[in-house]
Amino acid sequence: MPSPFPGMDPYLEHSDVWHDFHGVLVTLLRLELSRQLRGRYQVRMDENVYVHELDATSRQLIGRPDVHVAGGVVPVATATVAAIEAPIQSRLPVAFDVLREKFLEIRDAAGQRLITVVEMISPTNKRPGPDREQYLAKRRQY
C-alpha cells in the first residue's frame, strides 16, 4: 500500500521510533557528507539538549540513561579498576524529560568558519509551543 503522505513517512515520527531513526540518519548523513567534502570541509556532529518539566498528566518513566552498568560477575583475573571523577550535579524538576537531538555543522577546514548547519526538524519543532519557538529563534540566529 502506498504511503498516504507522498515524500514522507509519518510513522517514523512516532515517539517509539523517532529517537533511533534520528540518531541513525544524522550519523549516516555525517559519513556521506564527510566522504564527499573531505579535504576542504569538516563535518562535525553535535547535539542540543532540551529539558522539559512535565505536568502531572504527562509524567512518565525516562528510560535513556547516560551510563548503563550490566550485571554479571567478572573473573578476578580479567577485572580492571578505573577511577572516574564525580559527576557534576544539578537540580532538575521532580518530573522532567530530557531530549537530545543531534545535528551537523559543516566548517571550513582551514579557518574553521561555519559554512552551514544540517538539522532534521523533529516532531516537537513542528508543533506550536516553546520547542518550536526555540527552534525558530535558533534558525534566525544562524
Side-chain angles (χ1 to χ4, degrees), residues 1-75 78-142:
M1 177 172 134
S3 172
F5 306 99
M8 66 176 278
D9 186 348
Y11 308 105
L12 291 175
E13 294 185 0
H14 190 277
S15 60
D16 290 342
V17 178
W18 175 254
H19 186 78
D20 179 62
F21 172 75
H22 181 266
V24 169
L25 185 59
V26 171
T27 301
L28 292 174
L29 283 172
R30 179 183 186 209
L31 292 172
E32 184 61 24
L33 287 171
S34 294
R35 186 183 66 76
Q36 292 183 29
L37 301 175
R38 88 179 75 122
R40 186 167 179 196
Y41 300 102
Q42 293 178 343
V43 182
R44 298 181 182 175
M45 189 180 324
D46 204 344
E47 71 179 0
N48 294 313
V49 179
Y50 302 95
V51 178
H52 300 104
E53 185 171 0
L54 301 174
D55 61 12
T57 60
S58 300
R59 293 179 183 170
Q60 60 186 355
L61 175 65
I62 297 175
R64 292 192 179 99
D66 288 335
V67 177
H68 173 74
V69 178
V73 177
V74 178
T78 62
T80 303
V81 177
I84 58 173
E85 295 182 26
I88 297 173
Q89 296 183 5
S90 63
R91 292 185 176 265
L92 290 173
V94 173
F96 64 93
D97 184 25
V98 177
L99 176 64
R100 297 173 188 271
E101 292 186 339
K102 297 184 181 315
F103 64 93
L104 302 176
E105 289 184 346
I106 299 176
R107 293 186 173 269
D108 180 273
Q112 298 303 307
R113 182 174 58 96
L114 181 64
I115 303 298
T116 193
V117 173
V118 179
E119 182 173 358
M120 292 178 58
I121 298 177
S122 70
T124 60
N125 292 342
K126 294 179 180 181
R127 288 185 227 117
D131 288 346
R132 178 153 177 81
E133 297 301 320
Q134 190 173 20
Y135 165 74
L136 292 173
K138 182 173 49 175
R139 190 174 76 175
R140 283 190 297 271
Q141 181 183 1
Y142 284 126

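Proximity of a side-chain donor or acceptor of R132 to a complementary backbone N or O of G129 within less than 3.5 Å is not detected.
For the side-chain contact (heavy atoms from CB on, under 4.5 Å) test with E101, the passing option among H22, H19, M120 is H22; the others fail.
Residues R30 and K102 form no side-chain contact, since every pair of their non-hydrogen atoms from C-beta on lies 4.5 Å or further apart. Between F103 and V26, every side-chain heavy-atom pair lies at or beyond the 4.5 Å cut-off.
In this structure, OH in Y41 is found 12.5 Å from CG in L33, a value given to the nearest 0.5 Å. Taking CD of E105 as the reference point, atom CG of D46 lies at 6.0 Å (rounded to 0.5 Å).
Considering every non-hydrogen atom in both L114 and R107, the closest pair reads N-NH1, 3.6 Å. Minimum heavy-atom separation, D108 to I115: N-CG1, 3.7 Å. In plain terms, the two heavy atoms of G39 and A109 that are nearest each other are O-CB, 3.5 Å.
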